[in-house]
Amino acid sequence: PALASLNGSLSCMSKTWMDPNNGGIPPDFKVKARFGNPEFRTWHARLVERSYGIVRCLMDCHVKYSSAIHAAAAAGEEVVNVDGLTKKQILKECYEQGYSVASNEGHAIFLQQHKESSAECVSSSKQEDIIAELRAYLHDSFGHPIRIDYGTGHESSFIVFLLSLCKIGCFRWGGANKKENIDNNNNGGGDDKNKSNPPPEVIGLASLSLFHAYLNVTRGLQRDYMLEPAGSHGVWGLDDYHCVPFYLGACQMMAREQWQKDQRAKKRTNDVKVEPEQGTGTDAEAEAANRMPDNPYLPETSSHGADQPTPVDTHLDNDIWLPSIIHDRPVLEAQRSTYLYLSCIYFIQQIKPKVPFFESSPMLNDISQIGGGWSKVSSGLLRLYEGEVLDKMPVVQHFVFGKIFSANWSPSRKTPLEAPKKTFINGPMGEECTAPGASGGDVSAQRAPALTSYPGGMPPTRAPWAK
């Protein structure tokens with residue numbers, strides 16, 4: 001329920017917040033700048049204003065429905081005892097609530113309702129602390145309002161936001177309630193391995209669905225407000241703005257690849273062979289009989305947005321996709337709303353239509369030639385993300401730590417860092433020079449002596465501006 005509410009809020013942000021016909025904030029076309037439309041600051045101010053309602057709504061949906069659905073699932077029932085709604089109806093209602101609270105009309109109504117009921121909430125103080133921490137991660141997930149830029153550090157903030165939701169139990173239907181999860185985080189138990197943690201398959205499906213909705217927002221910001229790439233390596237980097245979607249997309253492709261292998265092995269084990277009888281049936285019927293069921297590692301189609309096409313051709317027995325599939329234009333157009341990796345490639349080609357792909361994205365083009373399959377691609381992208389993002393001080397220095405996402409590790413350096421006593425420059429005769437001012441006294445007396453003789457007998461050429 002919580003993730004359905006967040007999905008609805010992200011959908012509202014992508015569809016209405018930049019649309020002037022729906023009270024959105026369009027870019028200022030009079031500004032003549034290569035990067036950074038100043039109207040993005042107004043958009044980010046709206047995010048700060050409405051983030052409280054967005055976070056509060058998803059937490060309320062989790063508390064209201066998750067325990068009831070968990071009890072109904074344990075009893076083998078389809079209808080839960082919360083207003084008599086089924087599981088699908090609850091998800092739809094939470095999606096609509098999340099969409100409403102991010103809209104112009106629903107935001108004011110939501111705040112007024114919770115202002116009146118805030119005094120009745122017993123654990124409001126702890127809830128407010130959690131909401132404040134989640135809001136900080138959400139604010140940093142869509143770019144910097146002063147620099148008007150966006151990069152891998154901002155998408156990492158969205159990863160931290162999802163991690164925090166997972167720690168407080170929002171990735172699970174039932175189990176411990178929100179108050180117990182908050183108490184566990186306050187007691188430092190947020191990093192412990194809990195039996196109630198969701199399985200990797202659940203986390204994978206939720207991440208794919210939410211990242212589809214998240215990318216719809218960030219791509220609109222990058223395209224309309226021309227956000228400057230933060231820390232980009234240019235054409236020699238993976239992408240101007242993103243890294244995580246490529247890794248998640250490669251994992252999705254790897255899961256699809258493994259799923260197809262399992263299906264073929266199951267077919268061989270059962271010795272099932274479907275062939276149309278002579279004189280009956282059509283080629284279409286034979287193809288439908290050979291078609292595998294839908295892949296379980298696909299996100300829900302309801303989160304893709306109405307502007308994206310529905311995939312027309314999916315999982316056939318002989319439908320093997322290597323990393324070089326990104327060069328197949330019909331596949332990109334048909335499957336971009338389903339597979340995250342193809343969606344990222346398609347967006348690059350859309351914003352750089354007149355540039356050959358091997359020139360605009362040489363690293364991605366080289367990745368498409370890898371012969372080790374998607375497992376090798378995903379492992380390489382994970383190492384790239386760890387080395388180029390998580391290991392970089394300019395990125396991680398902006399992370400906000402709190403009770404959920406806490407900095408509870410031991411520092412690797414035991415002693416404080418001191419300035420070096422010696423320089424790395426040797427003197428004219430090979431001796432090591434002492435750094436100026438390192439041992440006190442006159443700084444000029446500690447400098448290396450002037451050269452009186454030069455190697456080869458020829459002095460170096462002086463620069464024209466040297467005095």
Side-chain angles (χ1 to χ4, degrees), residues 1-18 22-25 40-66 93-146 154 157-171 177-179 181-182 185-186 210 213-214 217-218 221 398-405:
L3 303 186
S5 175
L6 177 60
N7 212 319
S9 298
L10 292 174
S11 298
C12 180
M13 292 167 65
S14 63
K15 294 177 181 178
T16 65
W17 282 24
M18 288 174 283
N22 292 318
I25 306 168
F40 172 70
R41 296 191 176 102
T42 308
W43 186 96
H44 198 276
R46 173 177 290 188
L47 171 66
V48 175
E49 177 188 1
R50 301 186 183 180
S51 61
Y52 178 84
I54 293 173
V55 175
R56 185 60 182 267
C57 180
L58 68 89
M59 294 181 70
D60 288 348
C61 288
H62 173 68
V63 172
K64 182 178 180 180
Y65 294 115
S66 61
E93 180 178 331
C94 292
Y95 178 90
E96 293 174 351
Q97 289 179 6
Y99 191 98
S100 175
V101 77
S103 63
N104 296 332
E105 300 81 7
H107 172 68
I109 299 175
F110 183 87
L111 288 184
Q112 182 63 29
Q113 292 175 348
H114 278 270
K115 185 177 180 181
E116 296 174 355
S117 61
S118 59
E120 303 176 2
C121 187
V122 178
S123 58
S124 61
S125 59
K126 292 183 178 179
Q127 291 180 12
E128 295 299 326
D129 292 341
I130 297 301
I131 291 176
E133 185 173 345
L134 292 175
R135 289 182 66 194
Y137 305 142
L138 191 62
H139 296 165
D140 292 339
S141 300
F142 298 94
H144 198 279
I146 305 300
H154 299 104
S157 294
F158 188 70
I159 293 290
V160 174
F161 178 73
L162 296 182
L163 173 64
S164 302
L165 292 180
C166 184
K167 283 189 172 185
I168 64 176
C170 291
F171 274 56
N177 58 31
K178 180 180 63 176
K179 184 178 184 300
N181 286 305
I182 292 175
N185 286 304
N186 290 339
L210 290 173
Y214 172 70
V217 181
T218 57
L221 297 175
H398 298 292
F399 280 167
V400 179
F401 298 99
K403 293 181 179 179
I404 307 176
F405 183 61

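Side-chain atoms are counted along with the backbone in the values below, which use heavy atoms only and exclude waters and symmetry mates.
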Inset, instruction - With side chain to side chain contact (heavy atoms under 4.5 Å, CB included) as the test, would you mind laying out the steps for K126 and I130 before giving the verdict? - result: CA-CA 6 Å; K126 292 183 178 179; I130 297 301; 5.6 Å; no

Inset, instruction - Please work out whether the ring planes of F401 and F399 are parallel, tilted or perpendicular, with thresholds of 30° and 60°. - result: perpendicular

Inset, instruction - Grab the two heavy atoms, one from Y137 and one from S164, that are nearest each other, plus how far apart they are. - result: CE1-OG, 3.4 Å

Legend entry - Donor-acceptor contact present, side-chain E133 to main-chain F405, <3.5 Å: yes

Inset, instruction - Quickly, which of W43, F142, Y99, F40 forms a ring pair (Phe, Tyr, Trp, His ring centres under 6.0 Å) with W17? Name it, please. - result: W43

Inset, instruction - Could you check if a side-chain atom of N22 sits within less than 4.5 angstrom of a side-chain atom of K15, using non-hydrogen atoms only? - result: no

Inset, instruction - With sequence neighbours excluded, tell me which residues meet side-chain contact (heavy atoms from CB on, under 4.5 Å) with A4. - result: L91, C94

Inset, instruction - List in chain and number order the residues that pass side chain to side chain donor-acceptor pair (under 3.5 Å) with H139, two or more places apart in sequence or in another chain; answer none if no residue qualifies. - result: S51

Legend entry - Donor + acceptor pair across side chains of Y95, S11 (<3.5 Å): yes

Inset, instruction - Not counting sequence neighbours, which residues clear side-chain contact (heavy atoms from CB on, under 4.5 Å) with I159? List them please. - result: F211, V244

Legend entry - Set of residues satisfying side chain to side chain donor-acceptor pair (under 3.5 Å) with respect to Y52, sequence neighbours excluded: R56, E128

Legend entry - Non-hydrogen side-chain atoms of L163 and I404 separated by less than 4.5 Å: no

Inset, instruction - Work out which heavy atom in L3 is nearest to a heavy atom in C170; give both atom names and the distance. - result: CG-O, 3.8 Å

Legend entry - Shortest non-hydrogen contact from H62 toward A2: CB-CB, 3.8 Å

Inset, instruction - Check the pair I25 / M18 against side chain to side chain contact (heavy atoms under 4.5 Å, CB included), numbers first and verdict last. - result: CA-CA 5 Å; I25 306 168; M18 288 174 283; 6.0 Å; no

Inset, instruction - Please test I54 against H107 for side chain to side chain contact (heavy atoms under 4.5 Å, CB included), starting from the C-alpha separation and ending with a verdict. - result: CA-CA 9 Å; I54 293 173; H107 172 68; over 6 Å; no

Inset, instruction - Could you check if a side-chain atom of Q97 sits within less than 4.5 angstrom of a side-chain atom of V101, using non-hydrogen atoms only? - result: no

Legend entry - Separation of L134 CG from L162 CG (nearest 0.5 Å): 10.5 Å

Legend entry - CG on L138 to CZ on R50, rounded to 0.5 Å: 13.5 Å

Legend entry - Side-chain heavy-atom pair R135, V48 within 4.5 angstrom cut-off: yes

Inset, instruction - For the pair S9 (side chain) and S5 (backbone), establish whether a donor and an acceptor sit closer than 3.5 Å, ignoring hydrogens and angles. - result: yes

Inset, instruction - On the 0 to 90° scale, with breaks at 30° and 60°, tag the F158-Y214 ring pair as parallel, tilted or perpendicular. - result: parallel

Inset, instruction - Taking the side chain as every heavy atom from C-beta outward, state whether R46 and N104 have any pair of such atoms under 4.5 Å apart. - result: yes

Inset, instruction - Please list, chain by chain and in numerical order, all residues satisfying side-chain contact (heavy atoms from CB on, under 4.5 Å) with S100, sequence neighbours excluded. - result: S103

Inset, instruction - Evaluate the side-chain proximity of L6 to L165: yes if any heavy-atom separation is below 4.5 Å, no if none is. - result: yes

Legend entry - Residues that H144 engages under side-chain contact (heavy atoms from CB on, under 4.5 Å), provided they are two or more places apart: I146, R147, D149, H154

